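Note that the structure is predicted; figures quoted are calculated from it, not measured. All values below come from the heavy atoms of this structure, side chains included, with hydrogens, waters and symmetry mates left out.
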Amino acid sequence: ASLSSKTQWTELKADKVFAKNIENVYQGDLNLYVDHSNTRVGDGTSSNPFSDFASLVDYLEATPIIKKSITINVVSSGNVSDNLYLQNLSGGAEIRFRVNRNLILNGNGANSAFYFYNCDNHIIINGGRASYDSSDGALINKFKYGVFFNRCKYGVVEYIAIDTSG
């Protein structure tokens, strides 16, 4: 099969595609949501958020070239045992995680709550703390590293408490 121009096609479906030059560019929403209390299979919207980090990861890694800034709103609250492992993102745009101030991410045997591998996007995690020594804001609790950037170009962790005693 051949395509004479991109404007002629809006969708192409195939069982298998073998090509070296296909770019899977993210075309999704600018705002995504994760709520661990959601019991349905979520699509990442505010009205139907992802129910865990694994669903978010599957969604983002399906189109790993992210060329527009996106915000991931982790609206979960209370004690949650989950961790995020996100890898091989490119495109250079900003990916901002806004973590609910009332969230406590508890260690569940994983080394870190947030682990990023081989990403060239600007990754920023904000936990909503008012200041360094305040008791409000999100907490990463009992993970060995808390947040880990491995082979990433740019990572910032701001306004979040990290207890690495676990």
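Ile124 and Leu60 end up in different hydrophobic clusters when Ile, Leu, Val, Met, Phe, Trp and Tyr side chains are linked at under 4.5 Å. Tracing side-chain contacts under 4.5 Å through hydrophobic residues (I, L, V, M, F, W, Y), one reaches Val57 starting from Ile72; they form part of the same cluster. Put simply, Val80 and Tyr145 are part of two different groups of oily side chains (I, L, V, M, F, W, Y) that touch within less than 4.5 Å, one to the next. Hydrophobic clustering (side-chain heavy atoms under 4.5 Å, transitive across Ile, Leu, Val, Met, Phe, Trp, Tyr) keeps Ile125 apart from Leu139. In the hydrophobic clustering of ILVMFWY residues, with side-chain heavy atoms under 4.5 Å counting as a link, Tyr59 and Phe116 come out together.
Minimum interatomic distance between Leu103 and Val74 (heavy atoms only, all atoms of both residues): CD2-CG1, 3.8 Å. Shown here for Asn38 and Ser51, the closest heavy-atom pair between the two residues is O-CB, 3.1 Å. The two atoms that bring Asn141 and Ile104 nearest to each other are CB-CG2, 4.0 Å, heavy atoms only.
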Q: In sequence, state the C-alpha distance, the side-chain angles, and the governing distance for Leu89 and Asp120, and then conclude on side-chain contact (heavy atoms from CB on, under 4.5 Å).
A: CA-CA 6 Å; Leu89 298 182; Asp120 78 358; over 6 Å; no

Q.
For Thr45 and Asp29: C-alpha separation, side-chain torsions, deciding distance, then whether side-chain contact (heavy atoms from CB on, under 4.5 Å) applies.
A. CA-CA 8 Å; Thr45 60; Asp29 291 336; 4.0 Å; yes

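The ring of Phe53 has its center closer than 6.0 angstrom to the ring center of Phe114.
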Please list every donor-acceptor pair under 3.5 Å in which a side-chain atom of residues 92-100 meets a protein atom from a residue at least two apart or in another chain.
unit_1 : atom_1 : unit_2 : atom_2 : d
Glu94  : OE2    : Arg96  : NE     : 3.4
Arg96  : NH1    : Glu158 : OE2    : 3.2
Asn100 : OD1    : Asn102 : N      : 2.8
Asn100 : ND2    : Val75  : O      : 3.1
Asn100 : ND2    : Ser76  : O      : 3.3

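In this model, no donor atom of one side chain and acceptor atom of the other lie less than 3.5 Å apart for Asp58 and Ser55. Asp82 and His36 share a side-chain donor-acceptor pair at under 3.5 Å.
Looking at Asn121, its side chain never comes within 3.5 Å of a backbone N or O of Ile123 through a donor-acceptor pair. Counting only distance, with no hydrogens or angles, the side chain of Asn73 and the backbone of Tyr33 share no donor-acceptor pair below 3.5 Å. With Glu61 contributing its side chain and Leu86 its backbone, the two residues share no donor-acceptor pair below 3.5 Å.
Heavy-atom neighbours of Lys67 NZ from other residues, nucleotides or ligands within 6.0 Å: at or below the threshold of 12.
Side-chain contact between Ser112 and Asn83 is absent, with no heavy-atom pair separated by less than 4.5 Å.
Applying the salt bridge (charged side-chain N to carboxylate O under 4.0 Å, His left out) test to pairs two or more places apart or on separate chains, those with a residue in residues 101-117 are Arg101-Asp136.
The only option from Tyr117, Tyr115, Phe148 that meets the ring-ring contact (aromatic ring centres under 6.0 Å, His included) definition with Tyr85 turns out to be Tyr115. Under the side-chain contact (heavy atoms from CB on, under 4.5 Å) rule, Ile160 has a single partner from Ile140, Asn126, Leu105, which is Ile140.
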